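To start, the structure itself, in structure tokens.
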Amino acid sequence: MKRLIVAVLLAIIGFSAVALPSITLLQRNGKINEIPLLDNRFRIDHKVDKITLLFFRTRGAPAVVLVKPDGSKLYAPQALKNDKLDWFDEPSYDLITISDPTPGPWQVVGSIQPNSRIMVLGEIELHVDPLPPLLFRGETLKVSGKVTNDGKPIQVGYFRDVVSLFVEFISTNNDSYANFGAGTQSVTAFRDDGREFDERPMDGIFTGEFKLSFPAGEWQPEFFIETPILKRRVVKEPLIIAEPPFTYQLELGANKDLKHELTLHIDPNIVKPESVIFQGKVFYPNGEEQMFTLNEEERLYRKVMVENYDWGRYSIELSAFGENINGREFMATLPMYKFEIERPIEKVPELPMAAKKTAMGQAAPEVVDNSMSTTTMITIIVLGNVVVLLIGWLAIRIFVQNKPIKFAFKLPSFKKKSDIESDDLEIANEKGDANGSKNDKSGDILNLSMSDD
């Protein structure tokens, strides 16, 4: 079985320092595999109004069990129904807060982490190093903070698993600055684990670095630690984060043989020009990269020579190192500088005079407009719709209504030419006979005799 040992963190609220010695704490030597019921007891004085216990246990092990002086037990699920009990059951520790605890000896049973020890927390305070007064955007800061117990650093090894130091910058909403309405910038969180920028693990000091990568303006820094049982916040005075004290001036090469020249101007009112070192990288349009370093010089500018690779986009990455006018060393990442050269317009070579005359002498090809006029198109559409409606009407009348097609008008009849001519001839003869009888009256003798037959 695993070696088990108890670790109890007691944070007493409303309890004077005079009453602290009345709390008896027993430490284990780690030789017993299981915590006996009668061991690892601690005594709570009758003057204690509220007590908070912190037990570091093996990761994944069940929550511990508290045994009250009367022998009854407290379990984690009871916190759901008990207003005087708060229990935070985390994977590696238990945070338990008891209001109006029963005075007398208490006991704890559970799988506790080895090499832990019991301690009493008194007045918990958070201390953070003051920020420098002169800051600018892009600068990297190193900050240290520590949590003290009655003025002394907390040196419990497992305390780092519970507490982190958070850093925030809150905009003052001063409309005179560019960060007006920027809200809160959560910068980073430090842990006392000896990793990244933390110098020593488990020394009670939180050390870390962060970049001022948010807009320039007036900000109020805040540092705080927050756990379910422990909350401390330190609010610093508002400070001004200025724009980087460097400006750029670009001079393009007149031709392919001349390089582009980027001049970096240094503001002597913020930094010492003779201490500034620039380091960076040039990204060319063809994908190439060039590293460069500009060492200290006693002048107010530095120059970066950029190869002229014709048209395209150029990007320059810059970092600055130096000392400001207050004597503080700084390290800053400057905004990426970019410029672009437009692609040149290619000129078409001129034609010889003979070719120009030939081109001018050729008649321009006649353009035949095969497009249909709007009026013609509308006419075709209307006639097409009429034909479709007529065909539909005929189909309904013949096949649906079974009615013959009748027309309300007679078709004109046409006689043959010979018939017409014969009719005219008969009319003419009749007229002739009438005229003849009249002529007979005038002089011809009419034979009125009858034959003998």
Side-chain angles (χ1 to χ4, degrees), residues 131-143 169 176-179 182 185 187-188 197 209-219 239-344:
L131 294 177
L134 187 59
L135 297 172
F136 57 87
R137 183 166 63 95
E139 191 172 353
T140 300
L141 292 182
K142 182 178 179 181
V143 177
F169 279 76
S176 301
Y177 298 94
N179 68 328
Q185 298 288 332
V187 179
T188 186
F197 296 100
E209 291 185 354
F210 57 88
K211 292 183 180 180
L212 302 177
S213 56
F214 37 86
E218 188 178 49
W219 296 89
L239 51 82
I240 303 299
I241 298 179
E243 291 289 346
F246 309 102
T247 56
Y248 309 96
Q249 182 179 355
L250 178 65
E251 183 177 351
L252 299 177
N255 52 58
K256 295 182 179 180
D257 298 330
L258 297 178
K259 296 182 179 180
H260 306 305
E261 188 175 276
L262 178 65
T263 304
L264 308 176
H265 296 276
I266 304 173
D267 187 357
N269 297 321
I270 299 178
V271 297
K272 299 179 181 180
E274 67 276 7
S275 67
V276 176
I277 299 176
F278 290 102
Q279 186 176 4
K281 183 186 297 186
V282 182
F283 300 90
Y284 290 99
N286 59 358
E288 294 185 9
E289 299 178 3
Q290 175 188 349
M291 298 286 296
F292 67 88
T293 301
L294 306 177
N295 295 323
E296 306 98 320
E297 295 183 19
E298 293 185 0
R299 55 184 179 179
L300 301 180
Y301 65 90
R302 306 284 190 277
K303 289 187 177 182
V304 181
M305 306 306 296
V306 181
E307 296 292 337
N308 191 346
Y309 283 152
D310 208 358
W311 59 273
R313 179 175 296 180
Y314 296 74
S315 300
I316 302 177
E317 187 179 79
L318 286 167
S319 297
F321 307 86
E323 185 178 341
N324 64 13
I325 57 176
N326 294 333
R328 180 179 62 87
E329 296 286 340
F330 69 87
M331 177 178 61
T333 301
L334 305 182
M336 183 83 73
Y337 183 82
K338 298 180 181 180
F339 67 93
E340 186 174 357
I341 300 177
E342 297 182 356
R343 184 173 184 175

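We're numbering straight along the sequence, starting at 1. Bear in mind that the values here come from a model prediction, so they are computed numbers and not experimental data. For the numbers below, each heavy atom of this structure counts, side chains included, while hydrogens, waters and symmetry mates do not.
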What heavy-atom pair brings [X] and [Y] nearest, and what distance separates the two atoms?
{"X": "E329", "Y": "E323", "value": "OE2-OE1, 3.6 Å"}
{"X": "P244", "Y": "R137", "value": "CG-O, 3.5 Å"}
{"X": "L134", "Y": "E139", "value": "O-OE1, 4.2 Å"}
{"X": "G217", "Y": "N179", "value": "CA-OD1, 3.4 Å"}
{"X": "F283", "Y": "E317", "value": "CE1-CB, 4.0 Å"}
{"X": "A320", "Y": "F330", "value": "O-CE1, 4.0 Å"}

Please check if the number of heavy atoms outside K272 that lie under 6.0 Å from its NZ is greater than 12.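 Yes.
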Got a sec: does the CD of E342 have more than 12 other heavy atoms crowding it under 6.0 Å?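 Not buried by this count: 12 neighbours or fewer within 6.0 Å.
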Looking at N326 and R328, would you say the former's side chain and the latter's main chain have a donor-acceptor pair under 3.5 Å?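 Answer holds: no.
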Donor-acceptor contact below 3.5 Å, side chain H260 vs main chain G253: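 Yes; judged by distance alone, with no hydrogens or angles, the pair exists.
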Atom pair [atom1] ([X]) and [atom2] ([Y]), whose distance is rounded to the nearest 0.5 Å:
{"X": "L141", "Y": "T188", "atom1": "CG", "atom2": "OG1", "answer": "11.5 Å"}
{"X": "F278", "Y": "E297", "atom1": "CZ", "atom2": "CD", "answer": "10.5 Å"}
{"X": "F246", "Y": "I266", "atom1": "CZ", "atom2": "CD1", "answer": "6.0 Å"}
{"X": "L334", "Y": "Q279", "atom1": "CG", "atom2": "CD", "answer": "12.0 Å"}
{"X": "M331", "Y": "K142", "atom1": "CE", "atom2": "NZ", "answer": "10.0 Å"}
{"X": "K338", "Y": "L250", "atom1": "NZ", "atom2": "CG", "answer": "15.0 Å"}

Taking the side chain as everything from C-beta on, heavy atoms only, tell me whether [X] gets closer than 4.5 Å to [Y].
{"X": "L318", "Y": "L264", "answer": "yes"}
{"X": "F339", "Y": "L262", "answer": "no"}
{"X": "I325", "Y": "N269", "answer": "no"}
{"X": "V276", "Y": "F321", "answer": "no"}
{"X": "E296", "Y": "E274", "answer": "no"}
{"X": "K303", "Y": "T263", "answer": "yes"}
{"X": "F292", "Y": "I316", "answer": "yes"}
{"X": "Y284", "Y": "Y314", "answer": "yes"}

Starting from the C-alpha separation in whole Å, work towards a yes-or-no answer on salt bridge (charged side-chain N to carboxylate O under 4.0 Å, His left out) for E340 and R313. CA-CA 4 Å; E340 186 174 357; R313 179 175 296 180; 3.6 Å; yes
Under the criterion side chain to side chain contact (heavy atoms under 4.5 Å, CB included), I'd like the reasoning laid out for N308 against L258: C-alpha separation, chi angles, the key distance, then a yes or no. CA-CA 7 Å; N308 191 346; L258 297 178; 5.6 Å; no
Donor-acceptor side-chain pairing of Q249 and Y301 below 3.5 angstrom: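 Per modelled atom types, Q249 and Y301 side chains form no pair under 3.5 Å.
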So E218 and I240, side chain to side chain contact (heavy atoms under 4.5 Å, CB included) or not? Walk me through it. CA-CA 5 Å; E218 188 178 49; I240 303 299; 3.6 Å; yes
Going by side chain to side chain contact (heavy atoms under 4.5 Å, CB included), name the residues that satisfy it together with D257, two or more places apart in sequence or in a different chain.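 D257 satisfies side chain to side chain contact (heavy atoms under 4.5 Å, CB included) with N255 once adjacent residues are dropped.
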Go through the steps to decide whether Y177 and I241 satisfy the test side chain to side chain contact (heavy atoms under 4.5 Å, CB included), and finish with yes or no. CA-CA 10 Å; Y177 298 94; I241 298 179; over 6 Å; no
